[in-house]
Amino acid sequence: MKKIYQITEDGKKELEAELTVLKGRRGEIADKIAEARDYGDLSENAEYDAAREDQGLVESRIAEIEDILLNAEIIKAGKGSKVALGSKVELKTGKKTVTYAVVGPVEADPLEGKISNESPIGEALMGKKVNDTVTITTPKGEITYEIVSIK
């Protein structure tokens with residue numbers, strides 16, 4: 001059974017751009033391997049080992065991105081009155097206000113304000129409406145947010 005990856009249109013574009021960059025690095029890595037091979041004995045050649053490891057990492061990421069794009073389901077931005085995949089949610093706790101985009105796990109990047117629908121915050125927000133309060137348990141304790149807006 002194939003895994004379906006839920007991503008936004010922006011997330012798809014970001015993955016396609018990363019894939020282009022990684023595929024462009026293939027030639028550079030092949031040159032490094034060839035150059036390191038010229039140094040002689042491969043069993044004690046750190047440059048060769050590093051270039052091969054780099055090649056393995058790049059090829060793994062290329063395969064991962066290709067699989068995600070092949071099995072992607074595009075999330076339409078949530079325009080409803082409830083929090084759903086693709087929604088941008090503005091939350092308020094005390095005087096602090098934060099905005100999160102609820103995305104699939106593939107795109108999640110909390111530092112950029114993109115939270116997964118499978119994360120504790122994402123799960124707590126799903127299906128909630130404006131003015132609802134949500135209590136989320138974090139390592140630092142419980143935090144209560146009020147949903148200010150859903151875009």
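Taking the side chain as every heavy atom from C-beta outward, Tyr145 and Val89 never approach each other to under 4.5 Å. Counting only heavy atoms from C-beta outward, the side chains of Ile7 and Ile74 approach each other to under 4.5 Å. Looking at heavy atoms from C-beta onward, Asp132 lies out of side-chain contact with Val83 at the 4.5 angstrom threshold. Annotation: side chain of Glu53 is not in contact with side chain of Asp49 (no heavy-atom distance under 4.5 Å).
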Inset, instruction - Give the intermediate values and the outcome of side-chain contact (heavy atoms from CB on, under 4.5 Å) for residues Val134 and Leu91. - result: CA-CA 9 Å; Val134 179; Leu91 305 172; 5.8 Å; no
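Checked against side chain to side chain donor-acceptor pair (under 3.5 Å), Thr137 has no partners two or more places apart in sequence or in another chain. Taking Glu47 as the reference, nothing meets the side chain to side chain donor-acceptor pair (under 3.5 Å) condition, with sequence neighbours excluded. Every residue was checked against the side chain to side chain donor-acceptor pair (under 3.5 Å) condition with Lys13, not counting sequence neighbours, and none meets it. Not counting sequence neighbours, the partners of Lys140 by the side-chain contact (heavy atoms from CB on, under 4.5 Å) test are Thr138. For Tyr100, the side chain to side chain donor-acceptor pair (under 3.5 Å) test picks out no residue, with sequence neighbours left out. The side-chain contact (heavy atoms from CB on, under 4.5 Å) search around Thr99 returns Glu90, not counting sequence neighbours. Among residues two or more places apart in sequence or in another chain, the side-chain contact (heavy atoms from CB on, under 4.5 Å) test is passed with Asn71 by Lys2, Tyr5, Asp67.
Asn117 and Gly104 make their closest contact through OD1-CA, 3.8 Å (heavy atoms, listed as atom of the first residue, atom of the second, distance). Shortest non-hydrogen contact noted between Val58 and Leu22 is CG1-O, 3.7 Å. Here the closest non-hydrogen pair linking Ile29 and Ala51 is CG2-O, 3.7 Å.
Both Ile115 and Ile150 are part of a single hydrophobic cluster, where members link through side-chain heavy atoms under 4.5 Å apart. In this structure, Leu57 is not a member of the same hydrophobic cluster as Leu19, with clusters built from ILVMFWY side-chain heavy atoms closer than 4.5 Å. By the rule that hydrophobic residues join a cluster once side-chain heavy atoms approach within less than 4.5 Å of another member, Ile143 and Val148 end up as members of separate clusters.
Rounding to the nearest 0.5 Å gives a distance of 11.5 Å between NZ of Lys82 and CD1 of Ile147. Summarising the geometry, atom CG belonging to Leu69 is positioned 10.5 Å from atom CD belonging to Glu64; distances are rounded to the nearest 0.5 Å. Atoms OG1 and NZ, on Thr133 and Lys92 in that order, are 14.0 Å from each other to the nearest 0.5 Å. Atom CD1 of residue Ile4 and atom CD1 of residue Ile68 lie 12.0 Å apart, to the nearest 0.5 angstrom.
Thr93 places a side-chain N or O within donor-acceptor distance of the main-chain N or O of Thr144, the cut-off being under 3.5 Å.
Contacts classified as salt bridge (Lys or Arg N to Asp or Glu O under 4.0 Å) and involving residues 94-110 (residues at least two apart or in different chains) are not found. Among residue pairs with one or both ends in residues 17-28, those qualifying as salt bridge (Lys or Arg N to Asp or Glu O under 4.0 Å) are Glu18-Arg61, Lys23-Glu66, Arg25-Asp54, Arg26-Glu59, Glu28-Lys32; sequence neighbours excluded.
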Quick one: side chains of residues 118-128, donor-acceptor pairs under 3.5 Å with protein atoms, not counting sequence neighbours, listed by atom name and distance.
from   : atom 1 : to     : atom 2 : distance (Å)
Ser119 : OG     : Ser116 : O      : 2.8
Ser119 : OG     : Gly122 : N      : 3.0

